[in-house]
There are 2 protein chains.
Amino acid sequence: MSVAVTPSGKSPAPRDTQRIYSIAELAREFEVTARTIRFYEDEGLIKPRRQGTQRLYSAGDRARLGWILRGKRLGFTLAEIKELLDLYHVDRTGLQQMRELLRRSRLHIEDLERRRRDLDAQIGEFKDVEMHVAAELRQRGADPESD
Amino acid sequence: MSVAVTPSGKSPAPRDTQRIYSIAELAREFEVTARTIRFYEDEGLIKPRRQGTQRLYSAGDRARLGWILRGKRLGFTLAEIKELLDLYHVDRTGLQQMRELLRRSRLHIEDLERRRRDLDAQIGEFKDVEMHVAAELRQRGADPESD
DNA sequence: GTTAACGTTTACGTAAACGTCAATGTGGGT
DNA sequence: ACCCACATTGACGTTTACGTAAACGTTAAC
């Protein structure tokens, strides 16, 4: 997919575009195990090239992995992430496919915005807690910033 | 905990404060199964009163369940949610405890804000997709709003 | 008095997402 | 020639969060 291949949305910082990565490199960079990356491949989420039996990851593969992991952090299952990734790889030339893509994108956005409301609510609550506790500490003559 | 017992943060809408709920009522309201609610009890997340063998849920229990489920939607494990809930039930009078509460709250807020960045990034990406696809459809003389 | 709707406990089953061996291969340095 | 770090493919184990079924006890309706 092209989405998120470039974090900022443009100017992919053409440097390193040609680099290839070993599985261990990516594992270190993203703080996952090689087992995890292979597992994602088994599940059809990444398809690195092979040099004989060894896996070679392109910059695109690397970006894709990053995207997968961000999806995970957001609480999506691998199946959902795969669906979203696939959304861009299937034929996008047909009118029906484009409508479908549009529809799914909108649904996904709704989903994300629901999560955002939950998230903002929790952040608000805990900031409240922080404020009140800090105030109480000060009132007792203690410095909230000292451990 | 008092956090989120009142969704808006104040004026708990004192009505219904006395109501009690059956497990089936809560299950319907929150769209989970009774099994799920009992499971949360097994894990120590809720402790409803008992009338003989049956469970009676107070308004507080209900709010607590809502909070748990929101935590789940945010991707926290039950263990993490339990930790957060417990944070408020332990002794909060001592200085050390208050400092600890403050520290944990701040860590949690950082965590939540990290998630928010991920979330905003994804929302941005998908809004981009939406825009581009809609534009392309229009350019082809198709109405993006018709299914 | 029995059917229905609700409740209970106990216990085994399951899907997701890896972890953890085991057995084996491979390329590079000394 | 030997070691070391890194790679591979099974295959079985583990944790989390429930689902599902069995076997049973209330209460209200018909």
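All chains are named by letter (A, B, ...) in the order of the sequence lines, taking the proteins before the strands, and each is independently numbered beginning at 1. For clarity, every value in this text was computed on a predicted model and none was experimentally measured.
Nearest heavy-atom pair, A/G75 versus A/E80, reported as atom, atom and distance to 0.1 Å: O-OE1, 4.5 Å.
At least one side-chain nitrogen or oxygen of B/R55 sits closer than 4.0 Å to the OP1 or OP2 atom of C/dT8. OP1 or OP2 of C/dG25 has not a single side-chain nitrogen or oxygen of A/T53 nearer than 4.0 Å. OP1 or OP2 of C/dG19 sits under 4.0 Å from a side-chain N or O of A/T36. Between A/Y40 and C/dC18 there is a side-chain polar atom (N or O) within less than 4.0 angstrom of OP1 or OP2. Between B/K72 and the phosphate of D/dT16, there is no side-chain N or O to OP1/OP2 separation shorter than 4.0 Å.
Between the side chain of A/R38 and the base of D/dT9, no donor-acceptor pair of N or O atoms lies under 3.5 Å.
Rounded to whole angstrom, the span from the CZ atom of B/R35 across to the C1' atom of C/dT9 amounts to 11 Å. Put simply, CD1 on A/I37 is 14 Å from C1' on C/dA17, counting in whole angstrom units.
Both cation-pi conditions hold for B/R115 and B/F76: the charged atom is under 6.0 angstrom from the six-membered ring centre and inside a 45 degree cone around its axis.
Comparing B/Q54 and B/T77 by the nucleotide of DNA chain D whose heavy atom lies nearest to each, the residue mapping closer to the 5' end is B/T77. Each of B/R28 and B/R50 was assigned the nucleotide of DNA chain C with the nearest heavy atom; the assignment lying further toward the 5' end belongs to B/R28.
Side chains of B/T77 and B/K82 form no contact here, defined as non-hydrogen atoms less than 4.5 Å apart.
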